[in-house]
Every structure is written in C-alpha cells, then in structure tokens.
**Q** 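Got a structure for you, written out below as structure tokens; questions coming shortly.
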Amino acid sequence: MKLYLKMLILSLLAVLSGACKDPVHEMTLENGLKVIVQEDHRSPVVVSQIWYKIGAIDEPEGLTGISHVLEHMMFKGTKRYGPGEFSRIIAENGGRENAFTGSDYTAYFQQLEKSRLPIAFELEADRMHNLVLREQDFQKERDVVIEERRLRTEDSPQSLTYEKFMTTAYSVHPYKDPIIGWMKDLEALELADLKEWYGKWYAPNNATLVVVGDVLPREVFALAEKYFGEIKPRAVQKRNLPIEPAQTEPRYSEVSVPAEIPYLLLGYHVPNASSDKNDWKTPALTILAGVLDGGTSSRFTRDIVRGQQLATSVGADYSSVARAPTLFLFDGTPARGHTVSELEQAIYQQIEKVKTSLVDEDELDRVKAQVVAGDVFGRDSVFYQAMRIGQLETVGLDHRLLKDYVKRLQSVTAEQVREVAREYLVKTNLTRTVLNPLPINKKSANAAGKGGGHGAH
Amino acid sequence: MGLIKQLMGLCLVFGWSSWAEATPKIEYWELENGVGVYFVSSHDLPIVQIKLVVDAGSARDPIDMKGLASMTAGMLEEGTQKRNAQEIATAFESLGVEFGASVNQDMAVLGIRSLSDTRYLTPAMDVFKEVLMQPSFPGPSLEREKQRTLVVLKQREQSPGDIADRVFNQLVYGDHPYASEPIGDAVSVRAMTPEALEKFYRQFYVGSNTKMTIVGDLTTSKARRLAVTLVGDLPKGEKAPAIIPVEMPKKSIQRHISFPSTQSHIQLGQPGVIRNDPDYFPLFVGNYILGGGGLVSRLAEEIREKQGLAYSVYSYFSPLKERGLFTMGMQTRESQRDKALLLLQKELQQFIDKGPTEAELVAAKKHLTGGFPLRIDSNKSISGYLTVIGFYDLPLTYLDEFNDRIESVTVEQIKDAFRRRLQPDKMIIVTVGDGRK
C-alpha cells in the first residue's frame with residue numbers, strides 16, 4: 001500500500017508539471033509599479049488585481065479600520081469620474097469588480113472579457129493618484145462600514161469571540177486589532193485621516209499589478225506603461241512593525257454574549273514564511289494542519305467527530321503567507337451533551353499524539369496527494385491564480401515560490417511534522433478563548449424599545 | 001440558434017466579436033435506465049468534474065419528516081456494504097479527489113472532482129459508484145448526524161439573518177413543501193430512522209430521476225463509458241411526481257421577531273418565478289436593475305450610496321421548479337428600520353409603476369451580455385450551468401441563446417412582467433431585531 005501511494009505522488013507531480021506550461025512574466029515600471037502577468041488561454045477572459053502594500057497591520061492605535069474605510073472610498077470618484085462612475089463603467093463593460101482589505105494588504109480587482117482590460121487599467125490608474133475625498137460621501141460611507149461591522153461582528157457571537165481571541169493572543173503586534181476596526185475608532189475617523197492615508201500609501205512603488213487570463217505579457221506591459229506609467233512615485237515610509245514578545249505563559253479569555261452554542265478557539269504563535277529561517281518549518285506546519293484536519297479522512301474527523309463524538313465541527317488552520325509571524329489555529333463546537341472543555345482536552349490529546357509518535361507514511365502521502373491535486377484544481381480559476389501571486393508578492397515573498405510550492409510540501413518528513421508540533425504546540429505558547437452563551441430573549445411580539453449601545457465586549 | 005446571429009447581436013452592441021466562438025459544445029445522450037447525460041469536453045486541464053443531479057430535494061420530504069432528503073444525501077458517504085465512512089474518505093482523499101453532496105428544495109447534487117488520469121479517475125469512480133449504489137445508512141452514523149444537525153439548527157437561532165430567512169420562508173410558502181428549510185427541524189430530525197432514509201433513497205435515487213453532468217478532460221467515448229459504469233446499474237424506477245404549484249399570498253403578512261442584535265434584518269417578498277418561466281428573462285434583467293446589480297442597482301444607489309443605511313441591500317428571484325422566492329432585503333441599525341422598510345417598498349412600487357428607463361435597460365444589457373464569457377470561464381462554472389440545464393430540462397442551446405434572450409427584453413416587457421408577477425400590497429414582511437434590552 002505504501003509503495004503504491006509513493007508512486008502515486010510521483011506521478012501526480014508529473015501531471016502537475018505538464019499542466020504548468022504557462023509561465024509567469026514580470027516587469028517593473030520606472031515608477032516602481034511591479035506588473036506580473038500569467039497567461040491562461042482557456043477562455044477569453046482576464047482578471048486584473050492591484051495589490052497595495054497597506055493593510056490593518058499598518059494602522060496606528062486610534063485609526064484601526066482606516067485601510068478598509070479608504071477601500072470603500074476608492075469607489076467615490078476622482079477628478080475625472082464622479083462617485084460610482086467606476087462601478088458603472090465596469091458594469092457596462094460586462095465586468096465584475098470588488099475590493100478587499102486584509103491585515104497585510106488592500107486589493108482591488110476587475111474580471112472582464114479580455115478586450116476590456118484597457119478600461120480597467122485606465123480607471124484603476126486614475127484612482128491611484130486622482131481620488132477625490134469629499135466630506136458628504138465620507139459621512140455616508142462610514143455609516144455603511146459601521147453597518148458592515150454590526151453585520152459581520154457585533155451580531156455574530158463567533159466573530160466576537162475571534163476578535164477577543166486575537167487581542168488575547170497578541171499583546172503589542174497590530175494583528176491584535178480587527179481589520180474592520182474598532183467601533184469607537186470608526187466613529188472617530190475623520191476625512192483628513194483618510195486623505196493622509198491615501199497620500200501616504202497609494203503609490204505605484206507601493207503596489208503590485210497582477211493580470212491573469214487570455215492575454216500576451218508584452219501587450220499587458222505596454223498597456224500598464226500607457227496607463228500607470230505617468231503616475232509619479234512617492235517616498236513610501238519604511239514600516240517598523242512592533243515585534244510580538246515571545247509568549248511565556250498560556251493566555252485565556254472568554255466572551256459572554258447571547259448565543260445558543262458554545263465555541264472554542266485555540267492558537268499557538270508560529271512563524272510565517274519569511275521568518276522561517278530553516279525554510280522547512282512552515283511547510284511542515286502546513287502538512288501538520290492537513291494531517292489533523294485535511295478532509296474527512298483526517299484525524300480530527302476520524303477521532304473527535306466520528307470516534308469520540310465530542311464535536312459537531314473541529315478544525316485546524318495555518319497559513320504561512322503573511323507579513324508577520326502568525327498563529328496555528330484550532331476551533332470547534334462541542335457535540336450535544338458535551339462541553340467545550342471535553343473538546344479542548346480532545347484537541348490536546350491529538351496534539352500530544354503528533355508530538356510523541358510519528359505520522360504514518362500513508363497519512364502523510366494522503367495529505368500530499370490532496371495538496372498536489374488541489375494545486376491542479378486551483379488552475380481552474382483565473383481569479384484564484386491571481387490571488388496567490390498577489391498575496392505572495394504583497395507579503396514580501398517571491399511569486400516564483402509557487403513553482404516550488406508543491407515540491408516543498410512534498411519533501412516534508414514525518415520527523416519534521418513531529419518536530420514543529422513539539423516546538424510550537426506547547427502550553428506556554430497557547431491562547432484559548434471560549435464563547436459562553438448567555439440566554440437569548442426572543443419574542444415574536446412587536447415590542448417597541450430602541451436598541452441602545454452595544455456592550456458585548 | 002446560430003453562432004452567426006449571436007455574433008451579429010454582439011457586434012451591434014459592442015463592436016467586439018473575438019470571443020463569440022467560445023460557447024461550450026454540450027453533448028447529450030440518454031442511458032437505457034433513463035439517466036440523461038450532459039457532457040462538455042475540455043482538455044485544457046487534467047481534471048474531470050462529475051455531478052449527479054437527482055430529483056430528491058427537500059420538496060420530496062415526507063410531511064412528518066422534514067430534512068429527510070438532506071440527511072439521505074449527507075449519509076451516502078457514511079458507509080456502504082463494503083466500506084465504512086473512514087474507508088470511503090481515505091479512498092477518495094488518497095487519490096486527491098474531492099467529494100461533495102448538497103441539497104436544496106429541488107435537487108440533491110452529488111459530485112466529485114478528480115484528476116483525469118485513469119490511475120486516479122478509475123479507482124475514484126469505483127468508490128463513487130459504491131457510495132451511490134450501495135449505501136448502508138449505518139444507524140450509529142445516523143444518530144451522530146442527527147445530533148450534529150440539532151446543533152446546527154440551534155446555532156442558526158443565534159443569527160438574526162438565519163432567523164429572518166427561516167421565518168420569511170415559512171410565511172411565504174405556508175403549507176407548500178418549499179416552506180421548510182432543507183435541513184429540517186428539531187422534531188423531524190429526531191424522528192429519522194435508517195429505514196426512512198433507505199426508503200427515500202430507493203424511491204428517488206433512480207435512473208428516471210437522475211441527470212449526470214461531466215465536464216473535463218475526456219473524449220466522448222470515454223465519457224460514455226464512464227457514464228455507463230457509474231450510473232448504468234441504477235434501476236430505472238419511477239419519475240418523481242410533479243410538485244404542487246405555489247399559491248400566491250392572499251394578503252400581506254408582517255411579522256416581527258424581537259432579537260438581541262444591534263441591527264434589524266428586513267426581508268420582504270413573495271413567491272416569484274419557475275425556472276422555465278416565460279417571464280424569466282424580463283424579470284431577470286429587470287431585477288438586475290432594481291437590486292441585483294451589486295453597487296449599481298437602484299436599491300444600492302438609493303439605500304447604500306445616497307443614504308448610507310446598509311452595507312448589503314439586494315433583491316433577487318431564485319427560480320425553482322415551482323415558484324421560487326422573490327426577496328428584497330437589507331440590514332440596518334434599529335433606529336432606521338422603519339425608514340428602511342418604507343424605502344424598500346417605495347422602490348419596488350416605483351419600479352412596478354414606471355419600470356426601468358431606457359438608459360438603465362441599455363446599461364443592464366451591456367453588463368449581462370458583455371459579461372457572458374465570465375459565466376463560462378471555468379470547468380466549475382460550466383458544470384454549474386449543466387446542472388441547471390439538466391435538472392430543469394432547459395434547451396441544450398441555452399447558453400448559445402443567452403445573450404439573444406437578454407437583448408430581446410424591452411422596457412415594456414419588464415414593466416408588464418413585474419406588474420403581473422408581484423403584488424406590493426400582498427408582500428410578506430419579516431423583521432428581526434430590536435431586542436437588545
């Protein structure tokens with residue numbers, strides 16, 4: 001059986017290299033804008049994404065959420081185009097568009113039939129340096145973002161728990177603050193802050209343009225030069241992110257809000273790709289997450305969900321693609337008749353097991369088979385391909401790493417998986433946050449009474 | 001419909017024609033046991049995506065066992081005559097194969113995605129076939145899944161949005177099978193037995209109730225062999241009876257649920273359209289203008305952009321075999337709830353009275369036709385269309401004709417369709433919130 005699986009992995013790799021025939025091209029304009037193009041000629045479509053190296057991680061105390069509010073304001077018009085024009089033009093060209101803000105970046109994208117790429121470039125280049133920020137637009141948009149925060153966080157017990165968890169896990173590093181920002185910061189935000197933020201970070205030399213689709217690299221480069229080339233570079237401030245001090249004892253917190261179902265979050269500080277000096281620890285952590293929670297054959301499903309029947313859901317998660325060291329996460333909800341603490345103990349037992357005994361070869365091979373196939377499946381989406389390139393570049397890694405991504409995971413050994421578990425999944429490095437449900441008063445009557453301030457924290 | 005005609009339509013609107021060759025060629029054949037097979041060959045990637053689309057959605061739930069359809073589909077991977085759940089999962093995942101099962105009101109969809117090399121595809125098909133043909137519905141697994149479902153049901157009760165969805169659906173559909181959520185309710189879930197699942201499975205998972213879609217790196221002859229191998233042994237069985245038509249509400253109902261959230265969720269609507277509805281395209285294009293088109297719809301413009309009342313505001317028709325929902329909705333802080341509801345009602349009334357402007361229609365058409373290539377730009381999206389085409393018996397030329405159908409819609413047709421199909425004075429209105437005391 002083991003031998004068979006080994007052969008399978010090798011041949012999967014062969015499949016992969018066959019599928020990998022479209023190379024990635026890149027160039028940098030004189031103003032510092034990096035342009036990366038991946039050809040994918042399966043369909044006459046193109047996706048264009050611009051990634052700014054500015055995100056929640058860069059926000060000072062008191063200005064949390066400003067990157068995300070500015071992302072919203074980027075649709076409010078420029079000297080040339082009025083509010084909403086951007087979206088109208090993309091829509092009339094059959095396009096889809098949106099934007100997203102993360103801890104590490106702010107990104108904007110358009111997906112279009114391929115001949116419309118110049119339209120997206122023209123508009124995106126325009127708002128990189130000509131944005132007009134008006135007070136009346138800002139007032140309304142801030143309200144929209146506040147509603148967004150209510151929707152995603154205030155009224156979601158699990159989101160509130162995650163927010164609390166992050167403030168517990170980090171003491172000084174800005175990963176502790178939510179991407180959408182604290183409510184009081186959103187309420188205190190001013191237009192002048194946004195103007196400053198825009199002026200400081202929206203520059204060609206602080207951005208990466210990623211284009212994937214049925215295009216020719218030299219044509220895309222020429223278009224990029226034509227539309228983005230005229231934008232002046234700016235001095236972009238060097239970021240000095242505070243370094244999170246090494247954790248020396250476990251941290252615990254809890255959230256008590258009206259809810260029906262308890263929820264458990266555990267996290268351990270681990271390296272990201274660029275802080276992984278040995279270069280094998282982050283792949284080993286990725287494989288470890290797969291052993292525990294990769295698919296329904298994984299240990300968590302096998303042992304905790306099907307075997308002990310302690311959880312309705314339990315997961316492990318890790319991503320090395322981040323600008324700063326990150327967390328290896330566990331989360332779960334206990335099964336009926338079981339407690340959070342039983343589930344918590346079950347997770348610790350699983351952690352103990354990977355520390356004391358080596359992962360089986362066929363378990364390891366199964367995780368790797370999923371990685372290899374998943375990588376091929378990912379090629380079915382131009383958007384996903386662009387995402388992967390943009391994320392890597394923006395966190396300071398090289399997109400060429402993608403070439404070796406599968407190989408790096410492939411080379412992880414059972415001993416390495418055991419070693420990273422032993423090194424990082426230790427109690428002194430643990431953060432635990434629990435959601436304790438309070439009763440929900442639900443009435444079908446049309447009770448009056450206006451909801452006042454929110455006191456969930 | 002001819003490619004030439006489509007090309008002309010496009011040239012008129014945009015002056016672009018370079019991509020008109022791109023509509024996928026759908027091959028169709030039927031197996032002896034009645035399974036209709038839809039196949040699109042695509043050799044760009046070494047991937048095959050296969051779906052079985054079974055007329056076994058929650059509308060088929062027995063009246064006293066809501067959620068049975070969903071549980072039956074979910075339990076297929078929990079055990080066969082030969083393998084237990086762990087062995088099934090291990091078999092799929094050792095091959096890098098993704099397996100999934102999902103259920104909505106109309107259909108159960110079982111699918112896998114695999115690398116196309118026969119070294120993976122062939123063994124994957126063996127397991128898939130076993131899951132489909134020889135499920136054992138083991139009692140202990142069912143018991144566990146029932147407990148899990150009860151937790152999920154409870155979890156939904158801590159989300160104002162989920163509560164709004166549930167109550168809205170119940171009020172819109174009353175006694176109709178679409179009234180219950182696919183997952184069922186706490187009472188019905190407890191009542192489920194392996195025998196009930198087995199019976200449901202025997203009745204509905206049959207050839208004459210099943211369509212199969214294949215997209216990917218196969219030749220037609222290989223696809224034909226694969227179809228026979230996978231579903232050729234399904235008994236022909238009997239086609240599920242027609243679902244009873246949905247009645248339109250006789251009067252407006254307004255229901256408020258007091259809930260301790262910081263926002264109020266608002267939903268209003270009625271039964272909308274069927275998938276083969278003659279009014280489908282006018283309503284689809286009209287709704288894009290009203291509340292379907294992201295940031296550029298009327299609702300987004302009036303409620304989000306001009307007033308900052310909500311992050312998300314929308315309207316949509318979700319067509320089913322019988323009338324699926326027409327829904328308008330948003331979430332806003334409690335103090336703005338009444339104002340927001342009035343605004344939604346006003347926008348709908350205005351749209352019904354006056355329809356869209358000519359300029360709005362032109363813009364909508366440009367978007368919908370110009371964006372057509374994006375609808376079919378991956379195996380996954382083509383597979384999604386085949387599922388709909390197969391299940392609802394849409395013509396094989398559906399994708400070829402899509403842009404023409406959009407182009408032919410007029411302002412008058414939209415106005416007429418909205419006026420006939422929606423009654424603003426008989427809307428079902430649900431609000432959830434206001435309870436943070």
Side-chain angles (χ1 to χ4, degrees), chain A residues 5 11-12 15 19 42-45 75 84 87-88 91-96 111 113 115 140-141 143-144 147-148 150-151 154-155 157 258-261 295-297 302 306 309 312 333 335-336 366 369-370 372-373 376-377 379-382 440-447 449-451 454, chain B residues 16 18-19 22 44-47 85-86 89-90 93-96 113 115 117 119 144 147-148 150-152 154-155 157-158 160 256-263 293 295-296 304-305 307-308 310-312 331-335 363 366-367 369-371 373-374 377-380 434-437:
Chain A
L5 277 167
S11 47
L12 279 164
V15 169
R42 292 174 305 143
S43 286
V45 300
F75 295 83
S87 300
R88 258 194 297 283
E92 287 194 19
N93 280 283
R96 301 175 191 163
Q111 291 172 276
E113 184 277 314
S115 68
K140 278 172 221 139
E141 204 57 32
D143 283 349
V144 168
E147 293 297 345
E148 184 179 357
R150 290 170 187 273
L151 180 68
E154 306 289 333
D155 291 344
E260 296 283 356
I261 300 294
T296 52
S297 66
R302 182 189 69 197
R306 291 203 189 103
Q309 308 202 0
T312 51
T333 51
R336 261 163 60 89
R366 190 159 71 241
Q370 289 172 274
V372 173
V376 181
F377 298 155
R379 285 162 209 272
D380 193 32
S381 160
V382 288
I440 298 177
N441 284 321
K442 222 180 307 180
K443 279 172 280 173
S444 224
N446 201 347
K450 301 292 167 198
H454 164 249
Chain B
W16 302 110
S18 55
W19 53 268
D44 292 322
L45 290 172
I47 297 178
Q86 186 61 30
T90 302
E93 288 168 3
S94 303
L95 298 161
R113 183 153 73 161
L115 297 175
D117 191 310
R119 282 171 296 176
R144 194 195 65 237
Q147 297 299 324
R148 196 187 56 80
L150 291 172
V151 173
V152 172
K154 226 173 151 193
Q155 200 157 16
E157 296 301 302
Q158 69 189 34
H256 177 74
I257 313 286
S258 175
F259 186 86
S261 50
T262 66
Q263 278 186 323
L295 288 179
V296 299
R304 174 174 160 152
E305 299 301 300
Q307 310 220 34
Y311 171 66
S312 145
Q331 319 81 28
T332 191
R333 72 197 72 179
E334 174 54 28
S335 58
K366 282 184 176 179
H367 173 75
T369 59
L374 300 176
D377 71 351
S378 65
N379 289 6
K380 196 175 178 182
D434 187 27
R436 190 165 278 272
K437 282 259 132 184

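All values reported here derive from a predicted model rather than from experimental measurement. Keep in mind that the numbers below use all heavy atoms, side chains included, and drop hydrogens, waters and symmetry copies. Sequence lines set the chain letters: A, B, ... in the order given, protein chains first and strands last, and positions in each chain run from 1.
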**Q** So, taking the atom named CG in Asp377(B) and the one named CD in Glu113(A), what distance separates them when rounded to the nearest 0.5 Å?
**A** 12.0 Å
**Q** Can you name the nearest heavy-atom pair linking Ala85(B) to Arg306(A), along with the distance?
**A** CB-NE, 3.4 Å
**Q** Just checking, is any N or O donor in the side chain of Arg144(B) or Gln309(A) under 3.5 Å from an acceptor N or O on the other one?
**A** no
**Q** Tell me the closest heavy-atom pair linking Arg42(A) and Ser378(B), and the distance in Å.
**A** NH1-CA, 4.5 Å
**Q** Could you tell me which of Pro157(A), Ala91(A), Ala259(A) has the largest number of non-hydrogen atom pairs under 4.5 Å with chain B?
**A** Ala91(A)
**Q** Identify which of Val382(A), Ile261(A), Ile440(A), Thr333(A) forms the greatest number of heavy-atom pairs closer than 4.5 Å to chain B.
**A** Ile261(A)
**Q** At a heavy-atom distance under 4.5 Å, which candidate from Glu93(B), Gln86(B), Glu305(B) has the highest pair count against chain A?
**A** Glu93(B)
**Q** With heavy-atom distances below 4.5 Å as the criterion, would you say the side chains of Lys140(A) and Gln307(B) are in contact?
**A** no
**Q** Which region of Ala363(B), side chain (C-beta onward) or backbone (N, CA, C, O), has a non-hydrogen atom less than 4.5 Å from a non-hydrogen atom of chain A, or is it both or neither?
**A** both
**Q** Examine whether an atom of Glu141(A) lies under 4.5 Å from a heavy atom of chain B, and if so say whether it belongs to the side chain, the backbone or both; otherwise answer neither.
**A** side chain
**Q** Could you tell me which of Ser381(A), Ala335(A), Gly95(A) has the largest number of non-hydrogen atom pairs under 4.5 Å with chain B?
**A** Gly95(A)
**Q** What part of Ser43(A) gets within 4.5 angstrom of chain B, counting heavy atoms only: side chain, backbone, both, or neither?
**A** side chain
**Q** Under a 4.5 Å heavy-atom cutoff, which of Glu157(B), Gln158(B), Lys380(B) has the most pairs with chain A?
**A** Gln158(B)
**Q** Is Asp155(A) reaching over with its side chain to a backbone N or O of Thr262(B), donor-acceptor style, under 3.5 angstrom?
**A** yes
**Q** What part of Leu295(B) gets closer than 4.5 Å to chain A, counting heavy atoms only: side chain, backbone, both or neither?
**A** side chain
**Q** Nearest 0.5 Å please: distance from the CD atom of Glu154(A) over to the OG atom of Ser261(B).
**A** 11.0 Å
**Q** To check you understand the geometry: which heavy-atom pair defines the closest contact between Glu147(A) and Tyr311(B), and what is its length?
**A** CB-N, 3.9 Å
**Q** When you compare the side chain of Thr312(A) with that of Gln155(B), does any pair of heavy atoms fall below 4.5 Å?
**A** no
**Q** Provide the closest heavy-atom pair for Gln111(A) versus Leu374(B) in the form atom of the first, atom of the second, distance.
**A** O-CD1, 3.3 Å
**Q** Is Arg150(A) close to Gln331(B) at the side-chain level, that is, under 4.5 Å between some pair of heavy atoms?
**A** no
**Q** Taking the side chain as every heavy atom from C-beta outward, state whether Asp143(A) and Arg333(B) have any pair of such atoms under 4.5 Å apart.
**A** yes
**Q** If the test is side chain to side chain contact (heavy atoms under 4.5 Å, CB included), which one of Arg148(B), Gln147(B), Lys154(B) qualifies with Arg336(A)?
**A** Gln147(B)
**Q** Determine yes or no for a side-chain-to-main-chain donor-acceptor pair under 3.5 angstrom, with Gln370(A) supplying the side chain and Ser94(B) the backbone.
**A** no
